[in-house]
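Values reported hereafter were calculated over all heavy atoms of this structure, with side chains retained and with hydrogens, waters and symmetry mates removed. Throughout, numbering of the chain's residues begins at 1 and tracks the sequence.
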Amino acid sequence: ASVRGPANAFKKKLKQDAWRIFHRKWGILGVVCDGLGSKKDSRIGAIEGCLAVNDMINKVLIDDPETHPLDHLSLIEKYWLKRIYPLDPLDCMTTCLFCLLTPKGWIGAQMGDGLLAFRSQSGQIYSCQLGKESVFNFTSCLGAQEGGLEWQTLGPYPSESIQSLLLATDGVSDDIPKSQISSLLKSMVQEYRSMSGAERYRRLRNELFNWPTPHHLDDKTLLAIWSD
């Protein structure tokens, strides 16, 4: 689920976060992007960032199902640049996080702030969690002028070893201590597993809208996936 934060609501700006889940023959892909609020076209950048990850995965897995998608992360920006053209990339800058399940297992990658975390069946957490300072290093965003995009990667993990996972933008992740990620995922699975998709979405969206942290301002996006 995803909600607009109080800051953008006050400015009468649209939400700058974007997320997508793709179900394909090759597996399941979840993507979360957070457009930089200071950039005038960052909402477009975030939306197209989600689609660019899907473009890359489709390309590499359809061309060669045996290839490793984490070896082709540079293609994401190439597809993203095509999608945002003719807009200026500097006006569309966005962070990008994704997780992917294929017959080979789970993998994930993150560029910029936010949270990507896998929870094992035993409760162990494997995560990338970068603070806000990462966003001021523009090589940590799609749209950087200079090369060397700084991707953090996770996996591969056998599919049976992962119980659940979480993708979140900084509006959520900044308020979740790393020590609480495992218990949060466990409680979310217990609470939401038996709900219908529509009810689950409404409940989670309401929780994000009524975020308990005092004076919170950012958009909030949270995507969770778990095994049955």
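- Taking a 6.0 Å sphere around NZ of Lys186, one finds it holds 12 or fewer heavy atoms contributed by other residues, nucleotides or ligands.
- Checked for salt-bridge contact, Arg4 and Asp17 miss the test: no charged N lies under 4.0 Å from a carboxylate O.
- Residues Asp175 and Trp211 have side chains that bring a donor and an acceptor to within less than 3.5 angstrom of each other.
- The environment of Tyr201 atom OH is dense: over 12 non-hydrogen atoms of other residues, nucleotides or ligands sit within 6.0 angstrom.
- Within the 4.5 Å cutoff, the side chain of Phe118 has heavy atoms near those of the Leu154 side chain.
- Ile21 is not listed as a side-chain neighbour of Leu29, based on a closest heavy-atom distance of 4.5 Å or more.
- Using modelled atom types, one side-chain atom of Arg193 and one backbone atom of Ser227 make a donor-acceptor pair closer than 3.5 Å.
- Between the side chain of Ser164 and the backbone N or O of Trp226 there is no donor-acceptor pair closer than 3.5 Å.
- Atoms NE2 and CG, on His216 and Asp174 in that order, are 13.0 Å from each other to the nearest 0.5 Å.
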Requested in this report: Start with the C-alpha gap between Asp55 and Trp80, add the side-chain angles, then the distance that decides, and say whether side chain to side chain donor-acceptor pair (under 3.5 Å) holds.
Outcome: CA-CA 9 Å; Asp55 290 341; Trp80 180 77; over 6 Å; no
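- A donor-acceptor contact shorter than 3.5 Å links the side chain of Thr169 to the backbone of Thr221.
- With hydrogens and angles disregarded, no donor-acceptor distance shorter than 3.5 Å links the side chain of Thr67 to the backbone of Val60.
- In terms of modelled atom types and a separation under 3.5 Å, the side chain of Arg200 and the main chain of Tyr192 share a donor-acceptor contact.
- At least one side-chain heavy atom of Met56 sits under 4.5 Å from a side-chain heavy atom of His72.
- A donor-acceptor contact shorter than 3.5 Å is absent between the side chain of Arg20 and the backbone of Gly30.
- Cluster membership check: Ile47 does not share its hydrophobic cluster with Ile44, using side-chain heavy-atom separations under 4.5 Å among Ile, Leu, Val, Met, Phe, Trp and Tyr.
- By the 6.0 Å contact criterion, NZ on Lys59 is open, its count of non-hydrogen atoms from other residues, nucleotides or ligands being 12 or less.
- Relative ring orientation between Trp151 and Phe98 is described as perpendicular, the plane-to-plane angle rising above 60° on a 0-90° scale split at 30° and 60°.
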